[in-house]
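A quick write-up on the structure given underneath.
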Amino acid sequence: MAQGRGYARPTGRSPLPPRPRRTRPRRPRPHLPRHLTDRAFVIRDHLLDALRGALVAADLPEPPGGLEIDATRQREHGDFQTNAALKLAKAVGRPPRDIAAALVSTLDEKLPRHVARLEVAGPGFVNFHLEPSWLHEVLVDVVVAGDEYGHSAALDGLRVNLEFVSANPTGPLHAGGARWAAVGDALANLLSSQGAQVHREYYVNDAGAQLDRFAESLHARFKKQKLPEDGYRGAYVLDMARRMRAELGNGLDLEQAREWGHADIMRQLHDDLGRIGVHFDTWFSERSLHERGDVDAVIARFLASGRAFETDGAVWLRTSEMGEERDRVLRRSDGTPTYLAADVAYHLDKLARGHAHLIDIWGADHQGQVRSLQLAMEMATGRSQTPEVVLGQFVTLVRHGREVRISKRTGNVITLADILDEVDADVARLTFLLQSIDTKQIFDIDVVTAQSMENPVYYVQYAHARIASIGRRAAERSLARRPLGEVDLSLLVHERELDLLRTLFAYPDVLADAAEARAPHRVTTWVRELAGRFHGFYHDCRVMLDDDPALTQSRLWLAEACRLGFANALAILGVSAPETMSRLDETDDTDDADGSPDEASDGRSHDDSGADRA
RNA sequence: GCGCCCGUAGCUCAGCCGGAUAGAGCGGCGGACUUCUAAUCCGCGGGUCGGGGGUUCGAUUCCCUCCGGGCGCGCCA
């Protein structure tokens, strides 16, 4: 990530399109006393400095690719390790263990602060075993950073426009769209944690034929006529027709049905997204682009600049000049602009509104559009890789052990609202954030609902609630945390305690890496680990000890540091951090009750299920 | 045919820009509640990291190839 300070991070190929790199030098935000992000690297920089000194003293060059110091994976290997000797072996023509031994003996002359001992291990690693004191400093860092713990200024001030969901307004949001809602919102939080100014945006495709067809279906239902050939036959259309009649009475024409239907769907989308805590800054209407003439203007500009040409009454963008196999149509021979033309106009508008970096989260079925849009944007602006498109794989809904696939067109879908009727929003959100968006997700309704007591959400929330509970107990005893400066943190030496601190130490890296990789699920992975470690600590280490006020104080602070970690990570994921958990009784007989087949998937459903994927 | 994603323990998935004996949850078996909520903790069993090459001191991780699965390559959105 961004902290390429002191030690080199090789610039590897990322599987995703290039990321905005921090262009300005890191400058801490003024209102923050001091970031852990900055301080956490102190230990590594400190060790690197020492190591660099040892290299010089031993008359060794910097290893190719730079010096690296990493946290070890196994406790027996100490706290940090360097592979410097391994990397140096070939260049210097000496066995790696010899080099490592030389480094160690030099370092041994004056052990760096916090270092207990050094050793040569394995093929030639140098392992740093540290005193727990360094972890006690981590605790201080966490507490000092408070709510901003782990945050960074890496993207300070960068204006990011993040478009997600953007499902067609032809039906309620289904489970597929819900995944992008959870992921997009968490990604927005994540980028904000790195200092970016993130604008959440939903593109409303209210201009195309899809909406016409939907309006026809609604009107047909309303008039109890048969549906058009490729109409929308989902039950929700019937529902809507019923409500429309109740609200507006009989005798509506198609245009009225269209307007009412559109407004109603928009309200549903807004409400359903609100139920899982997702709120957009802008709902951008595609129709408005056409009405303002932006789409025509884009086409005219391409024609004027010679980047487009007219043949057989259609306008083509010369993407073949960009190394593509074929050109792309901007305006059909019937005079109507293509989806691409509108999309270009839309993304130009985002730039014009001052957003420096554009990110779109789309479902994998829209992959075919990525290149067209990016090339067209490059031809219009000279900027490549704009927008950055994050593609996510589908959600497969499973119920009663069977995959259920149906599109909005052909029948019912399991909507987000349906899911939220059975599962609380926290469970839904975290479930969507459990795994990488590169893998298709199996959303098993029965597992997510019935088995909720073993859900990771509760595991994590319970850990947070336990901390709150300790706080309440402490308050009952009028036991308050004393100022940190008066507390002897060196009493924290239990392996459970140190594990917690190591986990907290890793958090700034996790956040920064997750943000850069556009992978919010990594935050989920981290917070689950923190929860696991906290439960272990809680079990083995009693916090409030009547006969040991000093240890009690340091453990209260440790618990507080953990609380900050939970609150912070859960906030990024958009999951609540409850103070209490309602006691689990034997009351809920987890039976599966209902059955209705369905499925859904799509991301930026420019169409929705366009041609019936089923 | 070409492109993108995936293929890790019975199941669902982590494993970050290569690092030293591959992790978690669920499921199975066996333990721990007079003490801050046992929605917890501890132990056991379980893996040719899809197959095969290559790069490297070192590959689950990078490259090539094959197999399997998902998705995409329109004057559709």
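Residue numbers begin at 1 in each chain, while the letters A, B, ... track the order of the sequences.
- Here rC41(B) is the nucleotide among rG15(B), rC36(B), rC41(B) with the atom lying nearest to any side-chain atom of His539(A).
- For rA20(B), its base sits under 3.5 Å from the side chain of Asn127(A) at one donor and acceptor pair at least.
- The separation between Glu76(A) atom CD and rU21(B) atom C1' is 9 Å, rounded to whole Å.
- Here His521(A) does not count as stacked on rA14(B), because the ring centres are not under 5.5 angstrom apart with planes under 30°.
- Residue Ala559(A) is classed as having no contact, given no heavy-atom separation below 4.0 Å to the nucleic acid.
- A gap of 15 Å separates the P atoms of rU61(B) and rU55(B), to the nearest Å.
- Between Lys440(A) and rC5(B) there is no side-chain N or O to OP1 or OP2 distance below 4.0 Å.
- Taking the six-membered ring for Trp and the full ring otherwise, Phe284(A) and Tyr346(A) have centroids separated by under 6.0 Å.
- Across all strands, Thr525(A) comes closer than 4.0 Å only to sugar-phosphate atoms, never to a base (heavy-atom distances).
- In this structure, Phe394(A) atom CZ and rG69(B) atom P are separated by 18 Å, rounded to whole Å.
- In this structure, rC41(B) and rG31(B) make a Watson-Crick or G-U wobble pair, each of the two defining distances being under 3.5 angstrom.
- Closest to the side chain of Gln367(A), out of rC71(B), rA20(B), rC5(B), is rC71(B).
- Here Arg331(A) does not reach the OP1 or OP2 of rC75(B): none of its side-chain N or O atoms lies under 4.0 Å away.
- The side chain of Arg496(A) places an N or O atom within less than 4.0 Å of a non-bridging phosphate oxygen (OP1 or OP2) of rC42(B).
- Atom pair Trp526(A):CH2 and rC13(B):C1' shows a separation of 20 Å (rounding to whole Å applied).
- Of the candidate nucleotides rC6(B), rG19(B), rA38(B), rG19(B) has the atom lying nearest to any side-chain atom of Asn83(A).
- Counting distance only, with no hydrogens placed and no angle test, the side-chain atoms of Gln74(A) and the base atoms of rU21(B) include a donor-acceptor pair under 3.5 Å.
- As rounded to whole Å, 13 Å separates atom C1' of rU40(B) from atom CD1 of Ile470(A).
- Ranked by how close their nearest RNA chain B nucleotide is to the 5' end, Arg542(A) and Gln435(A) are led by Gln435(A).
- In terms of phosphate contacts, Tyr459(A) brings a side-chain nitrogen or oxygen within less than 4.0 Å of OP1 or OP2 of rC41(B).
- When both distances must be under 3.5 Å, the Watson-Crick or G-U wobble mate of rC71(B) is rG3(B).
- Between the base of rC6(B) and the side chain of Thr439(A) there is no donor-acceptor pair shorter than 3.5 Å.
- Nucleotide rU21(B) forms a pair with no other nucleotide shown, judged by Watson-Crick or G-U wobble geometry with both contacts under 3.5 Å.
- Between Tyr339(A) and rG74(B), a side-chain N or O to OP1/OP2 separation shorter than 4.0 Å is absent.
- rG46(B) is unpaired under the criterion used here, namely a Watson-Crick or G-U wobble arrangement in which both key atom distances are under 3.5 Å.
- When heavy atoms are screened at a 4.0 angstrom cut-off, Arg328(A) is found touching no nucleic acid atom at all.
- For the pair Arg328(A) and Trp316(A), the cation-pi test (distance below 6.0 Å, angle within 45°) is failed.
- Leu391(A) has its CG atom 12 Å from the P atom of rC4(B), to the nearest Å.
- At the heavy-atom level, Gln461(A) lies nowhere under 4.0 Å from the strands shown.
- In this structure, OH of Tyr458(A) is placed 14 Å from P of rA39(B), rounded to the nearest angstrom.
- Using a 4.0 Å heavy-atom cutoff across all strands shown, Ile442(A) reaches sugar-phosphate atoms only and no base atom.
- With hydrogens and angles left out, the side chain of Asp365(A) and the base of rG72(B) share no donor-acceptor pair within 3.5 Å.
- The residue Ala209(A) sits apart from the nucleic acid: no heavy atom pair falls under 4.0 Å.
- Atom pair Lys87(A):NZ and rG18(B):P shows a separation of 9 Å (rounding to whole Å applied).
- Closest contact between the side chain of Asp312(A) and the listed nucleotides rC71(B), rG19(B), rC75(B) involves rC75(B).
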Between Phe214(A) and Gln210(A), does a side chain to side chain contact (heavy atoms under 4.5 Å, CB included) hold up when you go through it step by step?
CA-CA 6 Å; Phe214(A) 174 71; Gln210(A) 299 284 338; over 6 Å; no
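- Closest-nucleotide positions on RNA chain B for His535(A) and Ser436(A) were compared, and the one nearer the 5' end corresponds to Ser436(A).
- Among the nucleotides rC41(B), rC16(B), rC71(B), the one closest to any side-chain atom of Arg522(A) is rC16(B).
- For Gln369(A) and rC71(B), the CD to C1' distance is 13 Å, given to the nearest whole Å.
- For the C1' atom pair drawn from rG46(B) and rA22(B), the interatomic distance equals 13 Å after rounding to whole Å.
- Residue Gly122(A) is classed as a base contact, given a heavy-atom separation below 4.0 Å to a base.
- rU56(B) is unpaired under the Watson-Crick or G-U wobble criterion, no partner having all donor-acceptor distances under 3.5 Å.
- Listed nucleotides: rC5(B), rA20(B), rC75(B). Nearest to the side chain of Gln393(A): rC5(B).
- Contact between the side-chain N/O atoms of Arg466(A) and the OP1/OP2 oxygens of rA38(B) is found at a separation under 4.0 Å.
- With hydrogens and angles disregarded, no donor-acceptor distance shorter than 3.5 Å links the side chain of Arg555(A) to the backbone of Leu545(A).
- Phe534(A) and Tyr538(A) have tilted rings, their planes meeting at an angle from 30° to 60° on a 0 to 90° scale.
- For the pair Arg307(A) and Phe302(A), the NZ or CZ position fails the cation-pi test of under 6.0 Å to the six-membered ring centre and within 45 degrees of the ring normal.
- Rounding to the nearest 0.5 angstrom, the gap separating the CG atom in Asn205(A) from the OG1 atom in Thr170(A) is 9.0 Å.
- Ring geometry for Phe432(A) against Phe443(A) counts as parallel: the plane angle stays under 30°, on a 0 to 90° scale with 60° as the upper cut.
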